[in-house]
Undergrad: 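A single structure is presented below for examination.
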Amino acid sequence: MHSDQTDQDDNDFYDRPSKSQIKRELHAILDLGKQVIELPYDKVKQLPLDDKLLDAIKTAQKINGREGKRRQIHYVGKLMRTADIEAIRQQLDVWENGSKEITAHMHRLETLRDRLIASDEELTILLSEYPQVDIQHLRALIRAARKEQSANAALSETQEPQKKHYRALFQALKSILSTGE
(Lines give C-alpha, C1' and ligand atoms only; values in the text may rest on other atoms or scores of the structure.)
Protein backbone atom coordinates (compact mmCIF):
# COMPACT_ATOMS: atom_id res chain seq x y z
CA MET A 1 0.00 0.00 0.00
CA HIS A 2 2.89 2.32 0.70
CA SER A 3 4.18 2.02 -2.87
CA ASP A 4 0.72 2.88 -4.26
CA GLN A 5 0.71 6.11 -2.23
CA THR A 6 4.21 7.02 -3.53
CA ASP A 7 3.08 6.40 -7.13
CA GLN A 8 0.06 8.62 -6.54
CA ASP A 9 2.29 11.42 -5.16
CA ASP A 10 4.65 11.14 -8.14
CA ASN A 11 1.72 11.43 -10.56
CA ASP A 12 0.42 14.54 -8.77
CA PHE A 13 3.89 16.09 -8.95
CA TYR A 14 4.14 15.65 -12.72
CA ASP A 15 0.72 17.14 -13.48
CA ARG A 16 2.15 20.65 -13.57
CA PRO A 17 4.90 22.00 -15.84
CA SER A 18 8.52 21.68 -14.78
CA LYS A 19 10.56 24.65 -13.61
CA SER A 20 12.49 24.51 -16.88
CA GLN A 21 9.28 24.62 -18.89
CA ILE A 22 8.01 27.61 -16.90
CA LYS A 23 11.34 29.40 -17.43
CA ARG A 24 11.20 28.73 -21.18
CA GLU A 25 7.68 30.16 -21.35
CA LEU A 26 8.68 33.24 -19.36
CA HIS A 27 11.72 33.80 -21.61
CA ALA A 28 9.48 33.47 -24.67
CA ILE A 29 7.16 36.13 -23.21
CA LEU A 30 10.17 38.34 -22.47
CA ASP A 31 11.40 37.92 -26.07
CA LEU A 32 7.93 38.80 -27.34
CA GLY A 33 8.02 41.89 -25.12
CA LYS A 34 11.34 42.90 -26.71
CA GLN A 35 9.79 42.50 -30.17
CA VAL A 36 6.84 44.67 -29.20
CA ILE A 37 9.12 47.36 -27.74
CA GLU A 38 11.03 47.53 -31.05
CA LEU A 39 7.80 48.26 -32.98
CA PRO A 40 6.74 51.83 -33.77
CA TYR A 41 4.38 53.07 -31.05
CA ASP A 42 1.53 53.49 -33.59
CA LYS A 43 1.61 49.73 -34.19
CA VAL A 44 1.96 48.96 -30.47
CA LYS A 45 -1.31 50.83 -29.86
CA GLN A 46 -3.07 48.45 -32.27
CA LEU A 47 -2.18 45.41 -30.14
CA PRO A 48 -4.59 44.11 -27.47
CA LEU A 49 -2.69 45.59 -24.49
CA ASP A 50 -3.94 47.28 -21.33
CA ASP A 51 -3.02 50.89 -20.48
CA LYS A 52 -0.42 49.96 -17.87
CA LEU A 53 1.43 47.77 -20.36
CA LEU A 54 1.20 50.43 -23.09
CA ASP A 55 2.74 52.99 -20.72
CA ALA A 56 5.53 50.58 -19.77
CA ILE A 57 6.31 49.93 -23.45
CA LYS A 58 6.30 53.64 -24.24
CA THR A 59 8.71 54.23 -21.37
CA ALA A 60 10.97 51.38 -22.54
CA GLN A 61 11.10 52.90 -26.02
CA LYS A 62 12.31 56.21 -24.58
CA ILE A 63 15.07 54.81 -22.32
CA ASN A 64 18.59 54.97 -23.75
CA GLY A 65 20.63 53.64 -20.82
CA ARG A 66 21.55 49.97 -21.02
CA GLU A 67 20.72 48.88 -17.47
CA GLY A 68 17.59 51.00 -17.23
CA LYS A 69 16.33 49.64 -20.55
CA ARG A 70 17.06 46.07 -19.46
CA ARG A 71 15.07 46.53 -16.25
CA GLN A 72 12.18 48.17 -18.12
CA ILE A 73 12.14 45.30 -20.65
CA HIS A 74 11.87 42.83 -17.78
CA TYR A 75 9.05 44.90 -16.31
CA VAL A 76 7.24 44.82 -19.67
CA GLY A 77 7.80 41.05 -19.75
CA LYS A 78 6.29 40.73 -16.29
CA LEU A 79 3.23 42.76 -17.31
CA MET A 80 2.86 40.74 -20.51
CA ARG A 81 2.27 37.56 -18.51
CA THR A 82 -1.34 38.69 -18.06
CA ALA A 83 -1.78 39.85 -21.68
CA ASP A 84 -3.30 37.80 -24.49
CA ILE A 85 -0.01 36.42 -25.84
CA GLU A 86 -1.61 34.45 -28.69
CA ALA A 87 -3.47 37.49 -30.01
CA ILE A 88 -0.25 39.54 -29.93
CA ARG A 89 1.69 36.82 -31.75
CA GLN A 90 -1.03 36.49 -34.37
CA GLN A 91 -1.04 40.24 -35.04
CA LEU A 92 2.75 40.34 -35.33
CA ASP A 93 2.57 37.39 -37.73
CA VAL A 94 -0.07 39.17 -39.85
CA TRP A 95 2.11 42.29 -40.04
CA GLU A 96 5.17 40.26 -40.98
CA ASN A 97 3.57 37.87 -43.45
CA GLY A 98 1.07 40.37 -44.81
CA SER A 99 3.90 42.45 -46.15
CA LYS A 100 5.41 39.35 -47.75
CA GLU A 101 2.13 38.72 -49.56
CA ILE A 102 2.00 42.32 -50.78
CA THR A 103 5.59 42.13 -51.99
CA ALA A 104 4.86 38.89 -53.86
CA HIS A 105 1.79 40.49 -55.46
CA MET A 106 3.87 43.48 -56.61
CA HIS A 107 6.45 41.14 -58.12
CA ARG A 108 3.70 39.32 -60.04
CA LEU A 109 2.46 42.67 -61.38
CA GLU A 110 5.98 43.68 -62.44
CA THR A 111 6.46 40.35 -64.23
CA LEU A 112 3.11 40.71 -65.99
CA ARG A 113 4.00 44.25 -67.09
CA ASP A 114 7.33 43.08 -68.51
CA ARG A 115 5.63 40.19 -70.35
CA LEU A 116 3.00 42.53 -71.81
CA ILE A 117 5.72 44.84 -73.12
CA ALA A 118 7.58 41.88 -74.61
CA SER A 119 4.68 40.02 -76.24
CA ASP A 120 1.18 40.66 -77.64
CA GLU A 121 0.18 37.10 -76.68
CA GLU A 122 0.25 38.11 -73.01
CA LEU A 123 -2.34 40.79 -73.73
CA THR A 124 -4.64 38.15 -75.27
CA ILE A 125 -4.24 35.99 -72.15
CA LEU A 126 -4.92 38.96 -69.86
CA LEU A 127 -8.03 39.95 -71.83
CA SER A 128 -9.41 36.41 -71.63
CA GLU A 129 -9.08 36.52 -67.83
CA TYR A 130 -10.35 40.11 -67.46
CA PRO A 131 -12.84 40.81 -70.30
CA GLN A 132 -14.07 44.05 -68.67
CA VAL A 133 -10.73 45.79 -69.35
CA ASP A 134 -10.62 48.89 -71.57
CA ILE A 135 -8.63 47.36 -74.43
CA GLN A 136 -7.82 50.62 -76.24
CA HIS A 137 -6.44 52.23 -73.11
CA LEU A 138 -4.35 49.19 -72.21
CA ARG A 139 -2.96 48.86 -75.74
CA ALA A 140 -2.05 52.56 -75.77
CA LEU A 141 -0.18 52.13 -72.46
CA ILE A 142 1.68 49.09 -73.76
CA ARG A 143 2.65 50.87 -77.02
CA ALA A 144 3.86 53.92 -75.09
CA ALA A 145 5.86 51.71 -72.69
CA ARG A 146 7.45 49.89 -75.65
CA LYS A 147 8.43 53.20 -77.32
CA GLU A 148 9.81 54.41 -74.01
CA GLN A 149 11.79 51.20 -73.58
CA SER A 150 13.34 51.41 -77.06
CA ALA A 151 14.17 55.11 -76.54
CA ASN A 152 15.82 54.25 -73.22
CA ALA A 153 17.90 51.55 -74.91
CA ALA A 154 19.36 54.19 -77.23
CA LEU A 155 20.41 56.47 -74.34
CA SER A 156 24.00 56.74 -73.16
CA GLU A 157 24.87 55.66 -69.61
CA THR A 158 24.97 59.26 -68.36
CA GLN A 159 21.42 60.00 -69.49
CA GLU A 160 18.48 59.25 -67.19
CA PRO A 161 15.99 56.73 -68.67
CA GLN A 162 12.31 57.70 -68.81
CA LYS A 163 9.86 55.47 -66.91
CA LYS A 164 6.60 57.43 -67.06
CA HIS A 165 4.69 55.00 -69.29
CA TYR A 166 6.36 51.99 -67.69
CA ARG A 167 4.95 53.10 -64.31
CA ALA A 168 1.58 54.03 -65.80
CA LEU A 169 1.22 50.51 -67.20
CA PHE A 170 2.06 49.07 -63.77
CA GLN A 171 -0.61 51.23 -62.10
CA ALA A 172 -3.18 50.20 -64.72
CA LEU A 173 -2.42 46.51 -64.13
CA LYS A 174 -2.62 47.03 -60.39
CA SER A 175 -6.06 48.59 -60.83
CA ILE A 176 -7.26 45.84 -63.20
CA LEU A 177 -6.16 43.00 -60.96
CA SER A 178 -7.47 44.57 -57.75
CA THR A 179 -10.97 45.14 -59.22
CA GLY A 180 -11.06 41.77 -60.96
CA GLU A 181 -10.43 39.71 -57.86
Undergrad: Would you indicate whether Lys69, at its atom NZ, is surrounded by more than 12 heavy atoms from other residues, nucleotides or ligands within a distance under 6.0 Å?
TA: yes
Undergrad: Distance from Leu138 atom CG to Arg143 atom CZ, nearest 0.5 Å?
TA: 10.0 Å
Undergrad: Let me see the working for Thr59 and Leu54 under side-chain contact (heavy atoms from CB on, under 4.5 Å), right down to the final yes or no.
TA: CA-CA 9 Å; Thr59 303; Leu54 280 172; over 6 Å; no
Undergrad: Nearest 0.5 angstrom please: Leu127 CG to Ile135 CD1, how far?
TA: 5.0 Å
Undergrad: Is it true that atom CD of Glu121 has more than 12 heavy atoms of other residues, nucleotides or ligands lying nearer than 6.0 Å?
TA: no
Undergrad: Hydrophobic clusters here meaning ILVMFWY residues chained together by side-chain heavy-atom distances under 4.5 Å, can you tell me if Ile63 and Val36 are in one?
TA: no
Undergrad: Please test Asp31 against Gln35 for side-chain contact (heavy atoms from CB on, under 4.5 Å), starting from the C-alpha separation and ending with a verdict.
TA: CA-CA 6 Å; Asp31 290 341; Gln35 269 185 289; 5.9 Å; no
Undergrad: Pair Ser20, Ser18 - check side-chain hydrogen bond (donor to acceptor under 3.5 Å, both in side chains), show working.
TA: CA-CA 5 Å; Ser20 299; Ser18 67; 4.6 Å; no
Undergrad: Do you know the tightest heavy-atom contact between Glu122 and Arg115?
TA: OE1-NE, 3.0 Å
Undergrad: Looking only at heavy atoms, which two atoms of Gly33 and Met80 are closest? And how far apart?
TA: CA-SD, 3.3 Å
Undergrad: Would the number of heavy atoms belonging to other residues, nucleotides or ligands and lying under 6.0 Å from CD of Gln162 be above 12?
TA: no
Undergrad: Of all heavy-atom pairs between Pro17 and Ile22, which one has the smallest distance, and what is that distance?
TA: O-CD1, 4.0 Å
Undergrad: Mind checking the CD-CD1 spacing from Glu25 to Ile85? Nearest 0.5 Å is all I need.
TA: 10.5 Å
Undergrad: Which atom names give the shortest non-hydrogen contact between Leu53 and Val76, and what distance separates them?
TA: CD1-O, 3.8 Å
Undergrad: Quick check for you: to the nearest 0.5 Å, what is the distance between Gln91 atom CD and Glu96 atom CD?
TA: 12.0 Å
Undergrad: Please check: side-chain N/O of Ser175 versus main-chain N/O of Gln171, any donor-acceptor pairing under 3.5 Å?
TA: no
Undergrad: Should Leu30 and His74 count as side-chain neighbours, where that means a heavy-atom distance under 4.5 Å?
TA: yes
Undergrad: Determine, using the 4.5 Å side-chain heavy-atom cutoff (strictly less than), whether Leu126 and Met106 are members of one ILVMFWY cluster.
TA: yes
Undergrad: Would you check, one step at a time, whether the test side-chain contact (heavy atoms from CB on, under 4.5 Å) holds for Gln149 with His165?
TA: CA-CA 9 Å; Gln149 188 178 43; His165 300 292; over 6 Å; no
Undergrad: Could you tell me whether a side-chain N or O of Gln61 sits under 3.5 Å from a main-chain N or O of Glu38, the two making a donor and an acceptor?
TA: no
Undergrad: So which atom in Lys52 and which in Leu79 form the shortest heavy-atom distance, rounded to 0.1 Å?
TA: O-CD1, 4.0 Å
Undergrad: Testing the basics here: between Arg146 and Leu116, what is the closest heavy-atom pair and its distance to 0.1 Å?
TA: NH2-O, 2.9 Å
Undergrad: Under a 4.5 Å cut-off applied to non-hydrogen side-chain atoms, are Leu39 and Trp95 in contact?
TA: yes
Undergrad: If you round to the nearest 0.5 Å, how far is CD of Gln132 from CG of Asp134?
TA: 11.0 Å
Undergrad: Check whether Glu148 reaches the backbone of Tyr166 with its side chain - one donor and one acceptor, N or O, closer than 3.5 Å.
TA: yes
Undergrad: Could you state whether Leu177 and Ile125 fall into the same hydrophobic cluster, counting links through intermediate Ile, Leu, Val, Met, Phe, Trp or Tyr residues with side-chain heavy atoms under 4.5 angstrom apart?
TA: no
Undergrad: Roughly how far, to the nearest 0.5 Å, is NE2 of His107 from CG of Leu109?
TA: 10.5 Å
Undergrad: In sequence, state the C-alpha distance, the side-chain angles, and the governing distance for Glu86 and Gln90, and then conclude on side-chain hydrogen bond (donor to acceptor under 3.5 Å, both in side chains).
TA: CA-CA 6 Å; Glu86 267 315 299; Gln90 284 176 348; 4.5 Å; no
Undergrad: Side-chain contact test, heavy atoms from C-beta onward, threshold under 4.5 Å: evaluate it for Ile37 versus Val44 and give yes or no.
TA: no
Undergrad: Are any non-hydrogen side-chain atoms of His137 and Leu141 less than 4.5 angstrom apart?
TA: yes
